[in-house]
Amino acid sequence: MQLIDGKKIAGNIKLEIKKEVEQIKAGGGRIPHLAAILVGHDGGSETYVAYKMKDCEEVGFKSSLIRCEDDVTEDQLLKRIIELNNEEDLDGFIVQLPLPEHISEQKVIEAIDPKKDVDGFHAVNVGRMVIGLPSFVSATPFGIMELFKRYNIQTKGKNCVIMGRSKIVGRPLSVLLSQKGVDATVTVVHSRTKDIKEVCAGADILVAALGSPGFVTKDMVKEGAVVIDVGTTRVPSDKTKSGFKLKGDVVFDEVAPKCSFITPVPGGVGPMTRVSLLNNTLLAAKKKIYS
Ligand code: GUN
């Protein structure tokens, strides 16, 4: 069994990005710039956005945090988005989700210029990805694909079972894994799937993206399978300073001995998700997706 060290790979990618930024600077170019809009003061969102800003600093990107109060109107937020769409000095931006109930997430996402949509959530980017055009790809699927590449994990002709059909993980990953050149045979299972355990037990590559801690047990995993655990549920813990710890969807201790490769939680997919936003911002700055 080989542990997939997402933390190490993400660290390597950050160094690669940092080098590119230094080259851009040395050549007199403009350094990549990412902005995040944060509405309100939700604890989780505050933490995630703080990490995103810190990641930018680490690789030498410029970053901007734009705060709006909880009672910002949808119109005010949409106006702010249009301003950012038109800001020449800005390569990409994200609106941290979730948003307060009085604001439509879909309207907000559709207001972002696809060329600056480094989250890859806009329908234009999702559509372009589906038909195989260059596009911004949402961070977690992008990060998982990068892990397959960097660990030289073969996907061609493999049976891949993705647990969960979310817009930002399961569905886009199913498209990426089945595209030409990657060539996996993909099954997406969800809450209404019959015989879920048996389907999972047939997987050469099993991706658990349910947000259901400890759902995947050893009887659901084939001997020699590759297991990717996307779950990051916060559970209370008296052993950490923060008072919680992250728990994956996979019962790691019993599943790991059966695997050829497995990602831990934390330290597997999570760091790759974070670094993918930097990757997308660099692609935006270099005009690699929309030239
Ligand atoms: N909330 C949780 N994950 C994400 C993400 O990847 N992007 C945005 N914008 N909000 C999130």
Side-chain angles (χ1 to χ4, degrees), residues 6 10 13 33-56 61 63-68 70 72 74 77-78 80-81 84-85 90-101 103-126 129 135-147 164-173 176 207 209-212 228-234 244 246-249 265-266 268-284:
I13 295 174
H33 181 191
L34 172 73
I37 299 181
L38 176 58
V39 179
H41 300 275
D42 171 76
S45 293
E46 289 271 1
T47 308
Y48 293 134
V49 169
Y51 281 145
K52 290 170 187 179
M53 300 290 101
K54 182 170 158 270
D55 288 341
C56 283
F61 286 1
S63 64
S64 304
L65 173 58
I66 296 151
R67 285 182 173 276
C68 298
D70 271 320
V72 66
E74 190 175 270
L77 185 56
L78 292 173
R80 198 73 187 91
I81 289 170
L84 296 186
N85 285 343
L90 185 64
D91 297 294
F93 66 99
I94 62 147
V95 181
Q96 186 66 24
L97 304 177
L99 293 169
E101 274 192 8
I103 300 175
S104 156
E105 281 186 4
Q106 202 51 41
K107 263 194 199 168
V108 163
I109 290 167
E110 295 304 311
I112 299 171
D113 181 343
K115 297 185 179 69
K116 293 194 176 183
D117 168 39
V118 284
D119 257 334
F121 290 172
H122 194 288
V124 166
N125 278 314
V126 177
M129 178 193 65
S135 63
F136 292 114
V137 172
S138 62
T140 301
F142 189 174
I144 293 171
M145 294 305 289
E146 201 59 37
L147 285 178
R165 53 182 161 181
S166 72
K167 278 187 288 196
I168 62 172
V169 183
R171 277 192 204 177
L173 186 62
L176 295 172
V207 181
L210 297 167
S212 182
I228 307 293
D229 190 351
V230 184
T232 47
T233 307
R234 287 174 173 214
F244 70 86
L246 294 179
K247 207 159 176 237
D249 286 350
V265 174
V269 174
M272 294 302 293
T273 296
R274 276 175 63 180
V275 87
S276 296
L277 182 61
L278 299 175
N279 261 327
N280 273 342
T281 305
L282 185 61
L283 290 171

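Residue numbers count from 1 along this sequence. Counting convention: from 1, in listed order, for ligands and their atoms alike.
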Checklist entry - Taking heavy atoms and a distance under 4.0 Å, where does Asp119 meet ligand 1: side chain, backbone, both or neither? => result side chain
Checklist entry - Between Asp119 (side chain) and Ile109 (backbone), is there a donor-acceptor pair under 3.5 Å? => result no
Checklist entry - Which residue supplies the protein heavy atom nearest to atom 11 (C) of ligand 1, what is that atom called, and how far is it? => result Gln96 NE2, 3.4 Å
Item to check | Region of Tyr48 that comes within reach of ligand 1 [heavy atoms, distance under 4.0 Å] | outcome: neither
Checklist entry - Does NZ in Lys247 sit with more than 12 non-hydrogen atoms of other residues, nucleotides or ligands closer than 6.0 Å? => result no
Checklist entry - Between the side chain of Glu74 and the main-chain N/O of Ser104, is any donor-acceptor distance below 3.5 Å? => result yes
Checklist entry - Quick check: does any side chain N or O of Asn125 sit under 3.5 Å from a backbone N or O of Pro114, one acting as donor and the other as acceptor? => result yes
Next on the checklist: Please report whether ligand 1 has a polar contact with Leu97, defined as an N or O pair separated by less than 3.5 Å (distance criterion only).
Outcome noted: yes
Checklist entry - Could you state the interatomic distance from NE2 (His33) to NZ (Lys116), rounded to the nearest 0.5 Å? => result 9.5 Å
Next on the checklist: Evaluate Val95 for polar contact with ligand 1, using N/O atom pairs at a separation under 3.5 Å.
Outcome noted: yes
